[in-house]
Structure formats: C-alpha cells, structure tokens
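Index from 1, following the sequence.
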Amino acid sequence: MRLLEKAENEESYAKEMYCRILFLKLLIELNRCCIENPEVFHKTARYDKKVVEMIHYINENLSQDLTIEALSARFYLSKYHMMRKFKEETGYSMHQYVLEKRILAARNLMLSGMPATTASAECGFKDYSTFSRAYKKLLGQLPSEACE
C-alpha cells in the first residue's frame, strides 16, 4: 500500500504523527539505498556550493544573527538571488529553514534538561513568546509540554 493511501485511511487519532512517522520511514529507506548504492546517487547529484556553505553556516550558528540581510552580506550574494537559490536547492525558504532548525535545536536542549526560556535564547530567539508560538505551530505542543 502506498504511503499516502495508508495515511489517508488512518483514523483521525494521531494522524499527523503517523504521517510524520511514515515520512521518516521513507527517508530512512532512501538513505539506506544511498548507502548501499553510492555510485548511483553520487554521479548524478549536484549541489550548489554556496547553498551547502549556507546550510553549514546556519546549522553551526543558530544563536547568531541569521537574517536575510546578514546572510547575504556574509556570502556576498544578492538577497533575492540567495533566497531563490536556497529555495530551489532545499525546498525551504531561508526563514523557514532557520526557524525549524532553531526550534529543533531548542527542543533537544530542553529534552536534555535545559529550561525552555534558556534554550530559546541559546537558539537565537529574541523573546520567549515568539519561540513558544513557533514551537506550538511546528510541533503541535507548547514548549512546557515537551519535557513532561
């Protein structure tokens, strides 16, 4: 049965979580294929070097200023060209990518025992209410519920 059909037939209870699990299973299978057959995937894969550099920079500097203006100045690119190229390569807008990375990093810090307010500040959020709204929108629960 195809993944989408399986998810659509699922009852409403935990449907969103079930869809995420199915998606993760798909990603795991794709990664296994890549590992088992590296010659097939590496020959055709092309990556924009600047986008790869941006992704590495963002991932390593989540607490820093990651505005479009700051990133375009850092990578010597027009902000419009940079945003278009990033979206083309990753499927994410730069803002969406940075936001999700920050939220997931904060969640990991909270799960390791750090208070939510501290974790949000460590991951680049200026105020807790913005973090809390974004966290709930992405993960479906409040940060205070994550550690329970």
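For Lys101, the NZ atom is loosely surrounded, since the number of other residues' heavy atoms within 6.0 Å does not exceed 12. The environment of OH in Tyr92 is sparse: at most 12 heavy-atom neighbours from other residues, nucleotides or ligands sit within 6.0 Å.
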Checklist entry - Which is it for Val51 and Met54 under the side-chain contact (heavy atoms from CB on, under 4.5 Å) test, yes or no, and what are the steps along the way? => result CA-CA 5 Å; Val51 173; Met54 284 186 267; 4.0 Å; yes
Please report, to 0.1 Å, the donor-acceptor pairs under 3.5 Å made by any side chain of residues 114-126, with sequence neighbours excluded.
unit_1	atom_1	unit_2	atom_2	d
Ser120	OG	Ala116	O	3.4
Ser120	OG	Thr117	O	2.9

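Rounding to the nearest 0.5 Å places CZ of Arg102 at 9.0 Å from CD1 of Ile58. Lys50 contributes atom NZ, which lies 13.5 Å from atom CD of Glu89 (distance to the nearest 0.5 angstrom). To the nearest 0.5 Å, the span separating CZ on Arg74 from OH on Tyr57 amounts to 4.5 Å. Rounded to the nearest 0.5 angstrom, Leu138 CG and Arg107 CZ are separated by 8.5 Å. Going from atom OG of Ser78 over to atom CE of Met83 covers 7.5 Å, rounded to the nearest 0.5 Å. Atom CG of Leu104 sits about 6.0 Å away from atom CG of Leu139, to the nearest 0.5 Å.
In this structure, Tyr97 is not a member of the same hydrophobic cluster as Val52, with clusters built from ILVMFWY side-chain heavy atoms closer than 4.5 Å. Hydrophobic clustering (ILVMFWY, side-chain heavy atoms < 4.5 Å, transitive): Met82 and Ile55 are in one cluster.
With sequence neighbours left out, the side-chain hydrogen bond (donor to acceptor under 3.5 Å, both in side chains) criterion links Lys79 to Glu69.
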